[in-house]
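Remarks on the structure that follows.
The basis for the numbers below is simple: all heavy atoms, side chains too, and nothing from hydrogens, waters or symmetry mates.
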Amino acid sequence: QVTLVESGGGLVQAGGSLKLSCAAAGVTFGDYAVGWFRQAPGLEREFVAAVTWGGGWIYSTESVKERFTVSRDDVKNTVYLQMNSLKPDDTGVYFCARRNTGALSIYAHDYVIWGQGTQVTVSS
């Protein structure tokens, strides 16, 4: 069975930090790109960050780039999203997803394997 499992979400005050993990089971991250997306209530799922096998990455905005760090550990078959200086606007369900190619993408429809998500709530 192919699954991605996110963990590390929770409730944190503004300015705090969380580190999300995305563990793969039945599938490897290998040479493929892995992305993080988030979805706030009533809004569409939006791209946050992605990392590819060579360590290349992209972020959605400069603000995210300054506060978040996406990384991967291919030995552990896990991708991480370190989030610092969190803001209430960062609240949402965070999903990880894997492409079937190593090319980075900001588009959700390019990702074919998705996790169930982990809730991140940032209080003001």
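The CD atom of E46 sits 8.5 Å away from the OG1 atom of T61 when rounded to the nearest 0.5 Å. The structure places OH of Y32 at 6.0 Å from CG of N100, a figure rounded to the nearest 0.5 Å. Atom CD1 of residue I106 and atom OH of residue Y111 lie 9.0 Å apart, to the nearest 0.5 angstrom. Annotation: the span from F37 atom CZ to S60 atom OG amounts to 10.0 Å, rounded to 0.5 Å. Taking CZ from R45 and CZ from R38, the interatomic distance works out to 13.5 Å, rounded to the nearest 0.5 Å. Interatomic distance, Q13 CD to S124 OG, rounded to the nearest 0.5 Å: 9.5 Å.
Under a 3.5 Å cut-off, the side chain of R72 and the backbone N or O of F29 do form a donor-acceptor pair. At distances below 3.5 Å, not a single donor-acceptor pair connects side-chain atoms of E62 with backbone N or O atoms of E66. Judged by distance alone, the side chain of Q116 and the main-chain N or O of V5 form no donor-acceptor pair under 3.5 Å. The closest donor-acceptor contact from the side chain of R99 to the backbone of A33 lies at 3.5 Å or more, if one exists at all. Put simply, the side chain of T52 gets close to the backbone of G102: a donor and an acceptor are under 3.5 Å apart.
Among all heavy-atom pairs drawn from S105 and D110, the shortest one is OG-OD2, 2.5 Å. Nearest approach of S17 to Q82, heavy atoms of both residues: CB-NE2, 4.0 Å. The shortest heavy-atom contact between G9 and T118 is N-OG1, 3.2 Å. Heavy-atom minimum distance, W36 versus L20: CH2-CB, 3.7 Å. Scanning all heavy atoms of the two residues, the minimum distance from G117 to V93 falls at CA-CG1, 3.8 Å. Of all non-hydrogen atoms in T78 and S21, the two that sit nearest each other are CG2-CB, 4.2 Å.
Placement of V27 and V79 within a single hydrophobic cluster is found when ILVMFWY residues are connected by side-chain heavy-atom separations under 4.5 Å, directly or transitively. Put simply, I113 and V34 are part of the same group of oily side chains (I, L, V, M, F, W, Y) that touch within less than 4.5 Å, one to the next. Linking Ile, Leu, Val, Met, Phe, Trp and Tyr whenever their side-chain heavy atoms come within less than 4.5 Å puts L18 and V70 in one cluster.
In this structure, the side chain to side chain contact (heavy atoms under 4.5 Å, CB included) partners of V122, at least two apart in sequence or on a different chain, are V12, A14, L86, P88, D90, T91, V120.
The ring-ring contact (aromatic ring centres under 6.0 Å, His included) contacts involving residues 67-107 comprise Y107-H109, where partners must be two or more places apart or lie in separate chains.
Counting heavy-atom neighbours within 6.0 Å of W57 CH2, excluding the residue itself, gives a total of 12 or less.
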